[in-house]
Undergrad: 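Before anything else, here's the structure in question.
Note that ligands are numbered from 1 as they come in the structure, with each ligand's atoms numbered from 1 the same way. Position 1 is the first residue of the sequence, and the numbers go up from there.
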Amino acid sequence: MVLQVEISKAIALLRQGEVVAFPTETVYGLGADATNPKALRKVFLAKQRPMDHPLIVHIGSEAELDMWVREIPEVAYPLMKAFWPGPLTLIFKKSPQVVDLITGGQDTVGLRMPNHPVALELLRAFGGGLAAPSANRFGRISPTTMSAVIDELEGSIAGVMEGGQCEVGVESTIVDLSHGEPRILRPGMITVSQIEKVLGKKISVDERDVPRVSGSLESHYAPETKMKLVATEEVVGFLKAYLLPVAVLSYSLPEFEQDNVKWVNMSSDAVQYAHDLYKCLRMLDKEKLALIVVEKIPESDEWDAVRDRLNRAAF
Ligand code: TXA
Ligand code: MG
């Protein structure tokens with residue numbers, strides 16, 4: 001049994017070097033004292049994640065940055081002001097004391113201040129950084145509810161905190177500030193154009209920087225059921241020729257009724273779609289379907305994060 005814990009118990013466990021899952025506004029994270037190698041090893045073990053994949057350090061105040069970062073480039077300040085606390089991870093040159101298990105042996109460190117009352121209370125009471133990868137087994141969908149965390153990690157973590165369903169629903173936008181010009185390493189619900197607006201200039205997007213970002217392995221964020229992306233105008237034709245049990249995630253089509261088809265109306269709003277996506281895929285994974293068909297989503301940049309996760313899940 002995974003133990004649901006309140007804040008004082010969570011702090012006690014973290015101080016003892018245990019791992020505790022907690023909610024953030026993006027997805028649930030698997031938290032461990034970011035200065036304690038023993039605790040960090042438990043994170044990798046619980047997730048079955050390769051040890052060279054770096055972890056994001058979560059902090060409760062900007063004053064803590066100095067502990068982790070060697071130099072804060074000017075460009076970081078407007079981004080932190082605009083988006084922290086919030087779903088933005090910034091990659092900096094690391095300070096010397098940051099342990100290799102955090103950085104994957106690189107000279108950089110990722111930091112984020114999450115915008116969830118439980119996470120912020122936990123971080124501020126803990127008074128230090130918590131490493132927190134998404135609380136799923138390696139390669140699987142990130143959990144957006146406490147029960148999804150328990151499904152994923154039952155038996156391999158010391159505790160989990162309840163925080164309701166995550167508001168954002170997909171992982172944070174990652175921006176690399178460690179090598180000259182800012183670059184987007186992972187799209188999230190803070191979009192390229194929002195970031196460009198704050199910085200007043202164009203920035204580059206590099207989603208395929210393998211292996212620096214484990215999320216950029218093609219097979220990531222996948223449900224167990226096979227997934228296929230189909231263009232809007234081809235969905236009905238595809239279904240007419242398909243005999244096995246299939247679910248359809250559609251944001252624009254009227255329901256197509258057929259015995260083997262389970263129709264799921266998704267939102268036509270990117271923010272709401274992202275909020276619902278992982279929970280929906282988890283639910284469908286339990287239904288023993290042959291396939292999940294996903295109607296291709298729009299090309300505009302507010303859909304970047306959803307498109308990225310769908311492309312990887314369908315790979
Ligand atoms: O929204 C999120 O970011 C969630 C919540 C829990 O905060 N966390 C999350 O962590 O998605 P994780 O470990 O599942 O994904 C973090 C990504 C990984 O792909 C990792 O490679 C990348 O961040 N990352 C961490 N530190 C990095 C660094 N120094 N340089 C490049 N990429 C880094
Ligand atoms: Mg993850």
Side-chain angles (χ1 to χ4, degrees), residues 19-32 34 40 43-44 46-59 68-70 83-95 98-116 118-120 122-123 129-144 148-149 152-153 160-161 163 166-179 183-190 206-217 219-222 274 278 305 308-309 312-313:
V19 294
V20 176
F22 64 92
T24 81
E25 81 281 32
T26 57
V27 300
Y28 276 71
L30 183 54
L40 296 170
V43 169
F44 286 91
K47 276 185 69 85
Q48 294 159 19
R49 168 165 161 150
M51 303 284 276
D52 59 349
H53 286 226
L55 302 172
I56 296 171
V57 178
H58 295 61
I59 54 175
W68 305 98
V69 176
R70 195 167 75 209
F83 301 119
W84 277 10
L88 177 72
T89 296
L90 298 175
I91 309 289
F92 296 97
K93 287 250 189 289
K94 78 175 190 90
S95 71
V98 182
V99 301
D100 277 349
L101 284 168
I102 292 288
T103 64
Q106 303 174 51
D107 65 345
T108 58
V109 61
L111 284 141
R112 162 166 131 76
M113 192 190 300
N115 189 17
H116 188 294
V118 173
L120 284 173
L122 179 71
L123 287 163
L130 292 177
S134 51
N136 51 280
R137 279 173 288 131
F138 185 64
R140 300 213 353 116
I141 305 171
S142 301
T144 55
V149 173
E152 284 287 318
L153 297 174
V160 54
M161 297 184 79
C166 301
E167 187 73 33
V168 175
V170 295
E171 304 80 358
S172 60
T173 306
I174 302 181
V175 180
D176 185 359
L177 303 180
S178 70
H179 293 87
R183 262 180 339 140
I184 307 247
L185 299 185
R186 179 173 72 183
M189 294 312 285
I190 291 175
D206 184 354
E207 297 157 42
R208 270 154 220 285
D209 199 8
V210 183
R212 289 157 53 85
V213 178
S214 77
S216 48
L217 297 176
S219 67
H220 242 65
Y221 312 108
Y278 287 164
D308 173 74
R309 305 315 187 269
R312 293 176 199 292

Undergrad: Mark up the atoms of ligand 1 that fall under 4.0 Å of a heavy atom belonging to I174, in ascending order.
TA: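 Listed by number with element, the hits are 17 (C), 22 (C), 23 (O).
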Undergrad: In ligand 1, which numbered atoms sit nearer than 4.0 Å to a non-hydrogen atom of A132?
TA: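 Close to A132: 6 (C), 8 (N), 10 (O).
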Undergrad: Salt bridge check, R186 against E171: does any charged N sit closer than 4.0 Å to a carboxylate O?
TA: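 Judged by the 4.0 Å cut-off on N to carboxylate O distance, E171 and R186 do not form a salt bridge.
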Undergrad: Test T89 against S172 for side-chain hydrogen bond (donor to acceptor under 3.5 Å, both in side chains), laying out the working first.
TA: CA-CA 6 Å; T89 296; S172 60; 2.8 Å; yes
Undergrad: How does S172 reach ligand 1, by side chain, by backbone, by both or by neither, if only non-hydrogen atoms under 4.0 Å count?
TA: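 Both backbone and side chain of S172 come within 4.0 Å of ligand 1.
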Undergrad: Would you say H58's side chain and L111's backbone share a donor-acceptor pair under 3.5 angstrom?
TA: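 The answer is no, because no donor-acceptor pair under 3.5 Å joins these two groups.
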Undergrad: Heavy-atom contacts under 4.0 Å between R49 and ligand 1: side chain, backbone, both, or neither?
TA: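 For R49, the contact with ligand 1 is made by the side chain alone.
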Undergrad: Atom 14 (O) of ligand 1: which of G31, G110, S134 has the nearest heavy atom?
TA: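 Going through G31, G110, S134 one by one, S134 has the nearest heavy atom to atom 14 (O) of ligand 1.
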Undergrad: Specify the closest pair of heavy atoms between L40 and A34, including all atoms of both residues, with the distance to one decimal.
TA: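 For L40 versus A34, the nearest heavy atoms are CD1-O, 3.8 Å.
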Undergrad: So is V109 touching ligand 1 or not, going by heavy atoms under 4.0 Å?
TA: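 Yes.
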Undergrad: Which atoms of ligand 1 are found less than 4.0 Å from any heavy atom of T108?
TA: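 This gives 28 (C), 29 (N), 30 (N) as the contact atoms.
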Undergrad: Return a yes/no value for R186: is any of its N or O atoms, backbone included, closer than 3.5 angstrom to an N or O of ligand 1?
TA: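 N/O-N/O distance under 3.5 Å: yes.
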Undergrad: Could you tell me if any non-hydrogen atom of K94 lies under 4.0 Å from any atom of ligand 1?
TA: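 For ligand 1, residue contact (heavy atoms, under 4.0 Å) with K94 is absent.
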Undergrad: Going by the atom numbers of ligand 1, which of them fall below 4.0 Å from some non-hydrogen atom of G29?
TA: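 Matching atoms, with element in brackets: 6 (C).
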Undergrad: Using a distance threshold of 2.8 Å, state whether an N, O or S atom of N136 lies below it from the Mg ion (ligand 2).
TA: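 So N136 does not count as coordinating the Mg ion (ligand 2).
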Undergrad: Return yes if some donor-acceptor pair links the side-chain N/O of E167 with the main-chain N/O of E25 below 3.5 Å, else return no.
TA: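 Side chain of E167 to backbone of E25: no pair is present.
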Undergrad: Where the closest heavy atom to atom 26 (N) of ligand 1 is concerned, which of P23, A131, P54 has it?
TA: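 Heavy atom nearest to atom 26 (N) of ligand 1 belongs to P54.
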Undergrad: Report yes if some heavy atom in the side chain of T108 is under 4.5 Å from a heavy atom in the side chain of K94; otherwise report no.
TA: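 No, their side chains stay 4.5 Å or more apart.
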Undergrad: Taking all atoms of both residues into account, what is the closest heavy-atom pair of P54 and Q106, and its distance?
TA: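 Here P54 and Q106 meet closest at CG-NE2, 3.7 Å.
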Undergrad: Run the contact test for H53 against ligand 1 with a 4.0 Å cut-off on heavy atoms, strictly below, and give the result.
TA: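 The answer is no: ligand 1 sits nowhere under 4.0 Å from a heavy atom of H53.
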Undergrad: Return a yes/no value for T24: is any of its N or O atoms, backbone included, closer than 3.5 angstrom to an N or O of ligand 1?
TA: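 No, since none of the N or O atoms of T24 sits under 3.5 Å from an N or O of ligand 1.
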Undergrad: Could you tell me whether the side chain of L55 reaches within less than 4.5 Å of the side chain of V57, counting heavy atoms only?
TA: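 Result no, sub-4.5 Å side-chain heavy-atom pair not found.
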Undergrad: Going by atom types only, do R112 and T26 share a side-chain donor-acceptor pair under 3.5 Å?
TA: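 Present: a donor and an acceptor within the cut-off.
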Undergrad: I'd like to know whether ligand 1 has P114 as a neighbour, heavy-atom separation below 4.0 Å.
TA: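 Contact absent.
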Undergrad: Quick one: are the ring centres of F138 and H53 less than 6.0 Å apart?
TA: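 Yes, close enough.
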Undergrad: Ligand 1 and T26, any nitrogen or oxygen pair closer than 3.5 angstrom?
TA: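 It does: an N or O of T26 is found under 3.5 Å from an N or O of ligand 1.
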